Amino acid sequence: MTQKDLKTYIESHYSDTLKPVSEISKPDNGDVPLVDSEVQIYCFDDICKKLHRSDRMPTSADGLRFNRSTIELIEFKSGFNNKITKENF
């Protein structure tokens, strides 16, 4: 399967998972997005929910994006609770 084939398949089967980055980048425990952008990408978590039972959900990237020649899996992270220093690195 080529990148073009995968893009066509995702577009035809999972178009309902296309959402703004702002929505996909919201942490599970918060309402404030990590990225403020209306750019549309596929919510890879939603795609996985359609493919797997809730008790068998794999961990997955947050977003899926197609560029001209690449497929990008995107993970949004909010950072660390502790300051990183030389001592605790």
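In what follows, residues are counted from 1 in the order of the sequence shown. None of these values were measured; they are calculated from a predicted model.
The minimum heavy-atom distance between F76 and V35, with the atom names listed, is CE2-CG2, 3.7 Å. When all heavy atoms are compared, the tightest approach of S25 to S22 is OG-O, 3.4 Å. For the residue pair S37 and P20, the shortest heavy atom distance occurs at O-CB, 3.9 Å. The minimum heavy-atom distance linking A61 with E75 is given by the pair CA-OE1, 3.3 Å. Taking all atoms of both residues into account, the shortest heavy-atom contact from Q3 to N67 is NE2-O, 3.0 Å. Taking every heavy atom of both residues into account, S60 and D45 meet most closely at OG-OD1, 2.6 Å.
The distance from atom CG of D62 to atom NZ of K77, rounded to the nearest 0.5 Å, is 7.0 Å. Rounded to the nearest 0.5 angstrom, S15 OG and Q40 CD are separated by 11.5 Å. Separating the CD atom in E11 from the CG atom in L6 is a distance of 9.5 Å, to the nearest 0.5 Å. The CD1 atom of I47 lies 5.5 Å from the CG atom of L64; values are rounded to the nearest 0.5 Å. Atoms CD1 and NZ, from I71 and K4 in turn, are 13.5 Å apart once rounded to the nearest 0.5 Å.
Hydrophobic clustering of Ile, Leu, Val, Met, Phe, Trp and Tyr side chains at less than 4.5 Å, counting indirect connections, keeps I74 apart from F44. Cluster membership check: L34 shares its hydrophobic cluster with I41, using side-chain heavy-atom separations under 4.5 Å among Ile, Leu, Val, Met, Phe, Trp and Tyr. A single hydrophobic cluster is seen to contain both L51 and L73, as judged by linkage of ILVMFWY side chains at heavy-atom distances under 4.5 Å, directly or through other members. Tracing side-chain contacts under 4.5 Å through hydrophobic residues (I, L, V, M, F, W, Y), one never reaches V21 starting from L18; they form parts of separate clusters.
Within a 6.0 Å radius of CG in D31, other residues, nucleotides and ligands contribute 12 heavy atoms or fewer.
Side chains of Y14 and D46 form no contact here, defined as non-hydrogen atoms less than 4.5 Å apart.
Between the H13 side chain and the Y9 main chain, a donor and an acceptor come within less than 3.5 Å of each other.
A donor-acceptor contact under 3.5 angstrom links the side chains of D5 and T2, judged on distance only.
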